[in-house]
Participant: 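Here it is, the structure, as structure tokens.
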Amino acid sequence: MSKYRSHTCGELTKKEKGSHVILSGWINKKRDHGNLLFIDLRDNYGITQCIIDKENNFFKELEKIQLETVIKVEGTVSERTKETINKDIKTGEIEVQISSYEVLGYCKELPMPVFSDQEYAEEIRLKYRFLDLRRKKIHDNIILRSKVISFIRKEMLDEGFLEFQTPILTSSSPEGARDFLVPSRLNPGKFYALPQAPQQFKQLIMVSGFDKYFQIAPCFRDEDARADRSPGEFYQLDLEMSFVEQEDVFKVVEKLMISVFKKFSKKKILKEKFPRITFEDAMLNYGTDKPDLRNPLIIKDLTPIFNREDVKFDIFKKLVKSGSIVRAIKTDNTKDKPRSFFDGIDNWAKSQGASGMAYFTFEKDKEIKAKGPVGKFFSTDALSEIMKITNAKVGDSIFFACNKENDVLKLVSTARDKIAKDLNLIDENSLAFCWIVDYPMFDLDEKSKKVIFSHNPFSMPQGDDKKLNFSKPLEIKAYQYDIVCNGTELSSGAIRNHKPDLMYKLFSIAGYAKTEVDEKFKGMINALSYGAPPHGGIAPGIDRIVMLLADEKNIREVTMFPMNQNAQDLMMNAPSEVSENQLKELNLQVRKK
RNA sequence: GGGGGUGUAGCUCAGUUGGUUAGAGCGAUCGCCUGUCACGCGAUAGGUCGCGGGUUCGAGUCCCGUCACUCCCGCCA
């Protein structure tokens, strides 16, 4: 028998009645009745009530012992009387009569209580993460994460994928996020970069003939954090397949996603065959390429309305003349909503930095009218046209905004979420997956007006490469795709460009000379020149999947040891200064500000 | 880099129009209590009101600056 325990704190039942047991764990809670003391002993597996009274020599000591002290108790299992059974815990039918105990690990006065449902400031949680992680909810989240990863790994192996590790110290790449750099001692003045993703390596694995690869891969990007984005590092299920088209990747990933979410989430998957939405349609109907499809609201374009003679809304008309556009959201049967509902949306829009959102409600006595502050600017004909475009009926309302395309899309897409939330239109118990497909290969950089890669420079352009019209690069689409669930981008992938000539051509459109491509992407472009199979893949974000499964709004709730928003680890005190000697060895000098 | 929110006891928070000695619950310490499971009861200790400056007879409260945490924008091929 183990020196420390005969059972865990989560397994004793009536069956063990009368047996002598040893338990070890943390003191979760004490209830001291003066001559009778209850101790809830906790470990990873559960809680067992232990009991001792004043007749026992250890009673006085245990009365004084700190919560969260680790102790070993020996005693006898006894059945609880009917009235004292605790149905909330697995071991609630029994309790352990303590005969002796031993302290295994002392505990100082706690900076934060462990046994409590209270919320705490992140600062203290992160500083004492080892205490925070003892708390039930986050403890369970981390266990869930472990189970999800094991499950995914098993599924991938069953599908015939091979798991490989790729280098953590690699080279800096010019595209994409900021790199984390690591100075090289043996190569003074030179730096490694931590991989933003194993992108080039997984393609090289395909060129090496391994056919199907996956990895639970750490990825490093030196960009600012968000609630759903850890600063610094995160994990992807990185996968790549040879001799495949887009459909083949979809098939594998859709199956995996469905089985993961069916196994670990109680929520209903709305469509098991993920709807496919083109990037263009997504931007038009939802104003974003990560739409929440639980939300029934659709965005419509009202720009032409503001060119009509019988519309007198001069502010918008003037803006439209100078190139702005108008987008609108219709809400069903909102005629009886109080003024505060409409003004609430308008004020919210202003708080987002916009000039607000105009609105009116369709009414009818003899003819169609618009009720609301700006309703008077629209003729009956114009209103009928708006009703046609937005599919509205009498009693519905319209919210609309006018601005340059990028700004109006950002506002209206978030307004879509805000309005749906206010109207309680979102079913929190459902999961709405979709594919976003047909991303453009290139984009126009707002500032420099230059053509840049819109996503991944290694993606394969759609269509016959001999017939591609390179003079209109913005019209070229790529075999580039995302999975979105409930408004969260879960993964991003592509069929890769395995043809060096085509790649040089595409890079030249984005302003890279051949020599530059050879230099920056040496390993890959070289490899593609020695017989590369057509291949493609995707990389679902592990942290975000677990976040959705655990129903958490913040990625730190599913990360064991996260950094704070400023990319600091408050527990380990990272980043930190290093000694002059270390710097010297690395040929580095810190520039004083 | 920019915008919003928060900052009061170890923890979670209250603190009115600026006005006596800044409060509560949990935790800690001490005492009472033999069936609790958020046990109960009593007492004690615990405060640079984030920090600095200003206005005022008087600032936790008003103003300016600054720092920390957090949410968002930029950024994240």
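Nothing here was measured: the structure is a model prediction, and the numbers come from that model. Convention: sequence-line order gives letters A, B, ...; per-chain numbering from 1.
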Participant: Grab the N/O contacts between the protein and nucleotides 29-33 of chain B below 3.5 Å, and write none if there aren't any.
Facilitator:
residue: B:C33; atom: N3; partner: A:Asp32; partner atom: O; Å: 3.3
residue: B:C33; atom: N3; partner: A:Gly34; partner atom: N; Å: 3.0
residue: B:C33; atom: N4; partner: A:Gly34; partner atom: N; Å: 3.1

Participant: Nearest-nucleotide wise, let me know which of A:Ile89 and A:Lys290 is further upstream toward the 5' end of RNA chain B.
Facilitator: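 Taking each residue's closest nucleotide, the earlier one in sequence belongs to A:Ile89.
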Participant: How would you summarise protein contacts on nucleotides 4-12 of chain B per nucleotide, using B for base, S for sugar-phosphate only and - for none, with heavy-atom distances below 4.0 Å?
Facilitator: ------SSS
Participant: For A:Ser454 and for A:Lys30, find the nucleotide of RNA chain B with the closest heavy atom, then tell me which residue's nucleotide is more 5'.
Facilitator: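 By nearest-heavy-atom nucleotide position, the 5'-most residue is A:Lys30.
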Participant: If I take atom CD in residue A:Glu489 and atom C1' in nucleotide B:C76, what distance separates them, rounded to the nearest angstrom?
Facilitator: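 Computing the A:Glu489:CD to B:C76:C1' distance gives 9 Å.
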Participant: Using the 3.5 Å cut-off, write out each protein N or O paired with an N or O of nucleotides 43-45 of chain B and the distance between them.
Facilitator:
none

Participant: Does the side chain of A:His535 come under 3.5 Å of the side chain of A:Gln203 through a donor N or O and an acceptor N or O?
Facilitator: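 Per modelled atom types, A:His535 and A:Gln203 side chains form a pair under 3.5 Å.
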Participant: Is it possible for you to check whether A:Lys505 lies under 6.0 Å from the centre of the six-membered ring of A:Phe470, through NZ or CZ, and within 45° of that ring's axis?
Facilitator: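 Ring-cation test returns yes.
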Participant: If you go through the side-chain atoms of A:Arg229, does one of them form a donor-acceptor pair with the base of B:C76 closer than 3.5 Å?
Facilitator: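 Looking at the base of B:C76, it does pair with a donor or acceptor on the side chain of A:Arg229 (distance under 3.5 Å).
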Participant: Run the ring-centre check on A:Phe521 versus A:Phe458 and record whether the distance is less than 6.0 Å.
Facilitator: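 Ring-ring flag for A:Phe521/A:Phe458: true, centres closer than 6.0 Å.
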Participant: Determine, for A:Tyr504 and A:Lys514, whether the Lys NZ or Arg CZ falls below 6.0 Å from the six-membered ring centre while staying within 45 degrees of the axis.
Facilitator: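 Yes.
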Participant: Can a salt bridge be assigned to the pair A:Asp228 and A:Arg226 using a cut-off of 4.0 Å between side-chain N and carboxylate O?
Facilitator: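 No.
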Participant: Run A:His33 and A:Asp53 through side chain to side chain donor-acceptor pair (under 3.5 Å) and show every step you take.
Facilitator: CA-CA 9 Å; A:His33 290 237; A:Asp53 70 17; over 6 Å; no
Participant: Would you mind pulling out the nucleotide paired to B:G7, Watson-Crick or G-U wobble, both distances under 3.5 Å?
Facilitator: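 B:G7 is paired with B:C67.
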Participant: Which part of the nucleic acid, if any, lies within contact of A:Gln200, taking any heavy atom under 4.0 Å across all strands shown: a base, the sugar-phosphate backbone alone, or nothing?
Facilitator: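 Nothing: the residue A:Gln200, judged by heavy atoms under 4.0 Å, touches no strand.
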Participant: So if I take residues 501-519 of chain A and measure heavy-atom distances to RNA chain B, which residues fall below 4.0 Å?
Facilitator: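 RNA chain B contact set from residues 501-519 of chain A: none.
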Participant: Would you say the ring centroid of A:Tyr481 lies under 6.0 angstrom from that of A:Tyr439?
Facilitator: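 No, too far apart.
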Participant: Can you see whether A:Thr166 engages A:Gln215 through a side-chain donor-acceptor pair at a distance of less than 3.5 angstrom?
Facilitator: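 There is such a pair between these side chains.
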Participant: For A:Asn141, enumerate each residue passing the side chain to side chain donor-acceptor pair (under 3.5 Å) test, keeping only those at least two apart in sequence or located in another chain.
Facilitator: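 Checked A:Asn141 against side chain to side chain donor-acceptor pair (under 3.5 Å); matches are A:Glu552.
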Participant: Is it true that A:Arg125 and A:Asp132 have a side-chain N and a carboxylate O under 4.0 angstrom from each other?
Facilitator: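 A:Asp132 and A:Arg125: salt-bridged.
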Participant: Tell me the interatomic distance from A:Leu36, atom CG, to B:C41, atom C1', rounded to whole angstroms.
Facilitator: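 After rounding, the reported distance stands at 17 Å.
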Participant: What is the distance, rounded to the nearest whole Å, between atom NZ of A:Lys82 and atom C1' of B:G35?
Facilitator: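 About 17 Å, once rounded to whole Å.
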Participant: Report the base-pairing partner of B:G18 (Watson-Crick or G-U wobble, both distances below 3.5 angstrom), or none.
Facilitator: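 Pair assignment: B:G18 / none.
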Participant: Verify the distance criterion only: is there a donor paired with an acceptor across the side chains of A:Asn456 and A:Gln480 at less than 3.5 Å?
Facilitator: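 Short answer, no.
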Participant: Is a side-chain donor-acceptor pair under 3.5 Å present for A:Arg556 with A:Gln565?
Facilitator: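 Result is no, nothing qualifies.
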Participant: If you draw a 6.0 Å radius around OH in A:Tyr235, do more than 12 non-hydrogen atoms from other residues or ligands fall strictly inside?
Facilitator: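 Result for OH/A:Tyr235: open.
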Participant: Please determine, by modelled atom types, if A:Ser172 and A:Asp179 share a side-chain donor-acceptor pair under 3.5 angstrom.
Facilitator: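 The criterion, which ignores hydrogens and geometry beyond distance, is satisfied for A:Asp179 and A:Ser172.
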Participant: What nucleotide among B:C75, B:G35, B:U34 has an atom nearest to a side-chain atom of A:Asp224?
Facilitator: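 For A:Asp224, the side-chain atoms sit closest to B:C75.
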Participant: Could you check how far CD1 of A:Ile52 sits from P of B:U36, rounded to whole Å?
Facilitator: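 My rounded result for the distance is 19 Å.
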Participant: Picking from B:A38, B:U36, B:C76, which would you name as closest to the side chain of A:Gln49?
Facilitator: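 My answer, after comparing the listed nucleotides, is B:U36.
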Participant: Measure from the side-chain heavy atoms of A:Phe115 and tell me the nearest of B:C37, B:C73, B:A38.
Facilitator: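 Closest of the options to the side chain of A:Phe115: B:A38.
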Participant: Which whole number of Å gives the distance between the C1' atom of B:A9 and that of B:A24?
Facilitator: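 Their C1' atoms lie roughly 11 Å apart.
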Participant: Taking atom P in both B:G42 and B:C49, compute the distance separating them and give it to the nearest angstrom.
Facilitator: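 Going atom to atom, P in each nucleotide, I get 31 Å.
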Participant: Would you say a side-chain N or O of A:Lys127 is under 4.0 Å from OP1 or OP2 of B:A68?
Facilitator: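 No, no such contact exists.
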Participant: Taking the side chain as every heavy atom from C-beta outward, state whether A:Lys520 and A:Ser173 have any pair of such atoms under 4.5 Å apart.
Facilitator: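 SC-SC contact between A:Lys520 and A:Ser173 ruled out.
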Participant: Quick one: look up who B:C13 pairs with, Watson-Crick or G-U, both distances under 3.5 Å, and put none if it's unpaired.
Facilitator: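 Its partner is B:G23.
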Participant: Whole angstroms only, please: what is the CZ-C1' distance between A:Arg31 and B:U36?
Facilitator: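 In whole Å, B:U36 C1' lies 5 Å from A:Arg31 CZ.
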Participant: For the C1' atoms, the ones on B:A45 and on B:G53, what distance do you get once it is rounded to whole angstrom?
Facilitator: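 Rounded to whole Å, the distance is 34 Å.
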Participant: Starting at atom CG of A:Asn86, determine the distance to atom C1' of B:A38, rounded to an integer number of angstrom.
Facilitator: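 So the CG-C1' distance, A:Asn86 to B:A38, works out to 12 Å.
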Participant: Rounded to whole Å, how long is the line connecting atom NZ of A:Lys87 with atom C1' of B:U36?
Facilitator: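 My rounded result for the distance is 16 Å.
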Participant: Which heavy atom of A:Thr488 sits nearest to which heavy atom of A:Arg544, and what is that distance?
Facilitator: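 Shortest heavy-atom contact: CG2-CD, 3.7 Å.
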Participant: Under 3.5 Å, is there a donor-acceptor pair between the A:Asp482 and A:Ser492 side chains?
Facilitator: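 Side chains of A:Asp482 and A:Ser492: pair found under 3.5 Å.
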Participant: Could you check which of B:C39, B:C75, B:C37 has an atom nearest any side-chain atom of A:Arg178?
Facilitator: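 When the side chain of A:Arg178 is considered, B:C75 is the closest of B:C39, B:C75, B:C37.
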Participant: Count the heavy atoms of every other residue, nucleotide or ligand shown that sit under 6.0 Å from NZ of A:Lys72, and state whether that count exceeds 12.
Facilitator: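 Above 12, so yes.
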Participant: Between P on B:C37 and CG on A:Leu37, what's the gap in Å once rounded to a whole number?
Facilitator: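 Answer to the nearest Å: 14 Å.
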Participant: With both distances under 3.5 angstrom, what nucleotide forms a Watson-Crick or G-U wobble pair with B:G1?
Facilitator: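 B:C73 is the nucleotide pairing with B:G1.
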Participant: Can you tabulate the close N/O pairs, meaning under 3.5 Å, that link protein atoms to atoms of nucleotides 70-72 of chain B?
Facilitator:
residue: B:U70; atom: OP1; partner: A:Gln565; partner atom: N; Å: 3.3
residue: B:U70; atom: OP2; partner: A:Gln565; partner atom: N; Å: 3.1
residue: B:U70; atom: O3'; partner: A:Arg556; partner atom: NH2; Å: 3.4
residue: B:C71; atom: OP1; partner: A:Asn554; partner atom: ND2; Å: 2.5
residue: B:C71; atom: OP1; partner: A:Arg556; partner atom: NH2; Å: 2.8
residue: B:C71; atom: OP2; partner: A:Gln565; partner atom: NE2; Å: 3.4
residue: B:C72; atom: OP2; partner: A:Ala227; partner atom: N; Å: 3.0

Participant: Does B:U56 pair with anything, Watson-Crick or G-U wobble, both distances under 3.5 Å, and if so, with which nucleotide?
Facilitator: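 Partner of B:U56: none found under 3.5 Å.
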Participant: Regarding A:Ser173, tell me which of base, sugar-phosphate or nothing describes its non-hydrogen contacts under 4.0 Å with the strands shown.
Facilitator: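 No contact.
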